Amino acid sequence: MTETTTEKPREDSIPLPVAGATITGFAMLYVTTGQFRSANPAQFLGLPVLGTLLLLTYATHWRLPSSRWYGYALRGVLFGAIVLIVGMPREDTSFWYFKDEYTILGGYLLAAEMVVQAWRWRDWSQPPEAVGVAILLSALIVAAASNTYRHWQVGYFAPVYAVLLILSLRRIGIPAKTPRRATGLLVFRALLVLTALALAYAGVDSVNRYDRIIRRALKLLNRPQMHAELGLSDTPHLGSVFNPHPSLERVLIIDGPLSDPHLRAMAFDRYQGSGWRPMMSERTFVPIDDAGLGSSKSGARATVTELGDLPGLLVAPLDSAGIVTDAEIDRDDQGVLQTHNLTQNLGYQIIAPPRTANQGPLCIALGDQQRSMMLMIPPEIDPRVCQFAREIAGSGSPMTRLSRLEQELRDHHAYSLVFVPTGEPISDFVLNRRAAHCEYFGSAMVIMARSAGIPARFVTGYYAHELEGNQTVVRGRDAHAWAECWIDGTGWVTIDATPSSGTPDALYPRPSGWRLWWDWVSDLPRRIKQTLSQIGRGSVLLLAGAVVAIALLAALYRHLRDRRKQTITKWRQYAGPSADLAAAARRFERAVQRHGLILLPHRTWRESLAAAPAPFQEFISEYDILRFGAADDPHRLSELLDRIEQEPRISNP
């Protein structure tokens, strides 16, 4: 019985799982596009049209001709239309290549390339590399669509794409003959896929539904872990120890000059129960635009990179002339700046002030209601504190009185990392001239300034001192506290009454060489990203154009080289042997076999019969002359064949 084999049918269209994963990416990019203000109505037609073109490949067997130029022409049409509809991004800022305008355009171009791949003439069952390219394109489209802060849509699309991706990956490397699956096994796998989808959707829904509740709960719990690593709290309490676990973890890296080492994070105007309020959850934040942030102000700029989880706070000196950032920023009535997205570390620039006591975006003019609040003496404060403060402040300008109060605290109070108060903390510290940490100095300065008729508030932040070249590193152990006072006609000024022995630069030694080396290694990704951010859009577009030009030249060179090879091969073609020569060749090979000699298939006659007798060699020479060279006596071949056939049988040498 003769065994018959059946060839696997040709697949003209992209495998269904790959097409499903691609359409999922199209849908995800479509939703992402609609969320950005840069989107225009024409953009919404692009992806449906491309998706329709992709699905039309299942309705017809017609495909682009095999010539590569047809594919290039289709790419040119699609890419040109996309650039005209979507438009080229014009914004050129730091990390411009991460902006939604660029990733959306990239997603559209990738979608167009996917359509070109789908309409190419190929068998999608052979080779598997074609499916791999299609899967890679679908993954890049999903990556472009994922450039959004609205993670709910990514969560809903991701499970579908993941399942289709797994099914698509099975098409790579499948053998020609696959065993037939049992129906029960297929049903079981289908149930597993449905279960995975159900669990994924449930998890995403739970995270999105309770995300805000969880975030608010963390804020209400005061986030002790954040306080331990960053040294700050949104509800500072006058305890026995400030920043009990000074951390070497870096919170900020600042490249550029700073006008003041005091980097304010939060300000508080209400003293209650040995602590300062309001909490972050009690504050009212309102949006502030670029004009309010002073983004267009002139001056030296320092770039700030946040490495710690500072719940979206922008940390900067009080007198900063402006803040430059791509994030949407809110501000409360204390001048505290915070981004909308509390889960993202910020990168921003601080514009140095043109003069001292500059009033920038962190300095909000004092209103009547705020003035009353910042002159209020809490009832728990001992009246003797107020009387003592007025005596020390004396008369003169507000700045002169503040200087006297600051000098009193510096001269008569030592710094101590530990302070256990007796009774009301601030009163005990001031009246008994106790030694304490920076929170007590800052709090006492606020209460004493208010007692002297000067509005004041309590501030927490960092004291930046670890300078290396033009870069300043701020660590969790650099947390500090001080006061801010309002002077009519001048505005807000920073007053730090903590003795010089109590500032972080005096308290802590320089980090060890091992720690600095580890920081350098940890900082490599940030340095690479910063280097990339300095590459302008024009340079990248020029480089991309050069790469495309080189690719086109290489393709043209390859095309011309192939054409030349074909032409040379055509010139070198020669006519087949005549009927007489072909008959002589067959007769010669039969004679060779009768003599027991072997003609090797991968060698010429001359190579196979190199040790054969003279008549064999003579026949080969005469045959070559008649076949490839000048004409000779054809009867000579017959004579030589007669001699060979009459030769006695010989064995193969």
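Excluded from the calculations below are hydrogen atoms, water molecules and symmetry mates; all remaining heavy atoms, backbone and side chain alike, are included. Everything numeric in this text was worked out from a predicted model, so none of it was measured.
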State whether the side chain of Thr52 and the backbone N or O of Pro48 hold a donor-acceptor pair below 3.5 Å, judged by distance alone. yes
Determine, stepwise, if the pair Val142 / Met28 fulfils side chain to side chain contact (heavy atoms under 4.5 Å, CB included). CA-CA 7 Å; Val142 171; Met28 186 173 171; 3.9 Å; yes
For side chain to side chain contact (heavy atoms under 4.5 Å, CB included), just list the numbers for Ile351 and Val324, CA-CA rounded to whole Å, side-chain angles, deciding distance to a tenth of an Å, and then say yes or no. CA-CA 8 Å; Ile351 303 177; Val324 181; 3.8 Å; yes
Any donor-acceptor pair under 3.5 Å linking the side-chain atoms of Ser259 with those of Asp319? yes
With a 3.5 Å distance limit and no angle check, can you tell me whether Ser233 reaches the backbone of Thr235 through a side-chain donor-acceptor pair? yes
Residues passing the side chain to side chain contact (heavy atoms under 4.5 Å, CB included) test with Thr60, sequence neighbours excluded, are Trp62, Arg63, Trp119
Would you say that Leu137 contacts Glu113 through its side chain, given a criterion of any heavy-atom pair below 4.5 Å between the two side chains? yes
Who pairs with Asp332 by salt bridge (charged side-chain N to carboxylate O under 4.0 Å, His left out), at least two apart in sequence or on another chain? Arg283
Looking at side-chain heavy atoms only, is the closest gap between Leu362 and Arg264 below 4.5 Å? yes
Is there a side chain to side chain contact (heavy atoms under 4.5 Å, CB included) between Leu314 and Val336? Walk through the geometry before answering. CA-CA 8 Å; Leu314 276 75; Val336 177; over 6 Å; no
Pairing residues for Glu282 by the side chain to side chain contact (heavy atoms under 4.5 Å, CB included) criterion, not counting sequence neighbours: Arg270, Arg277, Pro278, Met279
OG1/Thr305 to CG/Leu252 distance, rounded to the nearest 0.5 angstrom? 9.0 Å
If we ignore angles and hydrogens, is there a donor and acceptor under 3.5 Å between the side chains of Gln471 and Asp255? yes
Quick one: does Met280's side chain get under 4.5 Å of Phe285's, heavy atoms only? yes
Just verifying a value: how many Å separate Ile350 CD1 and Leu258 CG, rounded to the nearest 0.5 Å? 6.0 Å
I'd like to check the side-chain hydrogen bond (donor to acceptor under 3.5 Å, both in side chains) partners of Asp269; sequence neighbours left out, ordered by chain and number. Gln334
Less than 4.5 Å apart, side chain to side chain, heavy atoms only: is that true for Leu165 and Ile135? yes
Whether Asp519 and Arg475 form a salt bridge (side-chain N of Lys/Arg under 4.0 Å from carboxylate O of Asp/Glu) is what I want to check. yes
Suppose we screen for side-chain hydrogen bond (donor to acceptor under 3.5 Å, both in side chains). Which residues come up paired with Asn358, at least two apart in sequence or across chains? none
Considering all heavy atoms of both residues, which atom of Leu54 and which atom of Ala118 are nearest to each other, and what is their separation? CD1-CB, 3.4 Å
One should read off an interatomic distance between Ile329 CD1 and Thr339 OG1, to the nearest 0.5 angstrom, of 4.5 Å
Report the distance from atom CG of Leu50 to atom OH of Tyr108, rounding to the nearest 0.5 Å. 8.0 Å
Quick one: which residue pairs count as a side-chain hydrogen bond (donor to acceptor under 3.5 Å, both in side chains) with a foot in residues 287-297, not counting sequence neighbours? none
Pairs satisfying side-chain hydrogen bond (donor to acceptor under 3.5 Å, both in side chains), at least one member in residues 546-555, at least two apart: none
Worked verdict on Thr325 versus Gln349 for side chain to side chain contact (heavy atoms under 4.5 Å, CB included): CA-CA 7 Å; Thr325 177; Gln349 291 182 323; over 6 Å; no
Is there a donor-acceptor contact under 3.5 Å from the side chain of Tyr462 to the main chain of Arg477? no
Can I get a per-line list of side-chain donor-acceptor pairs under 3.5 Å for residues 14-26, giving both atom names and the distance, sequence neighbours left out?
{"residue": "Thr22", "atom": "OG1", "partner": "Val18", "partner atom": "O", "Å": "2.9"}
{"residue": "Thr24", "atom": "OG1", "partner": "Gly20", "partner atom": "O", "Å": "2.8"}

Residue set satisfying side chain to side chain contact (heavy atoms under 4.5 Å, CB included) with Leu109, at least two apart, ordered chain then number -> Phe79, Ile82, Leu105
Closest non-hydrogen atom pair, Asn470 against Pro257: OD1-N, 4.2 Å
Look up atom OG1 in Thr460 and atom CE in Met266, then write down how far apart they are to the nearest 0.5 Å. 4.0 Å
Residues that Thr57 engages under side-chain hydrogen bond (donor to acceptor under 3.5 Å, both in side chains), provided they are two or more places apart: none
Gln370 side-chain N/O to Asp333 backbone N/O, donor-acceptor pair under 3.5 Å: yes
Do the side chain of Arg331 and the main chain of Pro361 share a donor and acceptor less than 3.5 angstrom apart? yes
Ser138 meets the side-chain hydrogen bond (donor to acceptor under 3.5 Å, both in side chains) criterion, sequence neighbours left out, with Tyr161
Rounded to the nearest 0.5 Å, what separates atom CG in Leu337 from atom CD1 in Ile288? 6.0 Å
Could you tell me which residues satisfy side chain to side chain contact (heavy atoms under 4.5 Å, CB included) with Leu552, sequence neighbours excluded, listed by chain and number? Val548
So, do Asp330 and Val286 sit near enough that their side-chain heavy atoms are less than 4.5 Å apart? no
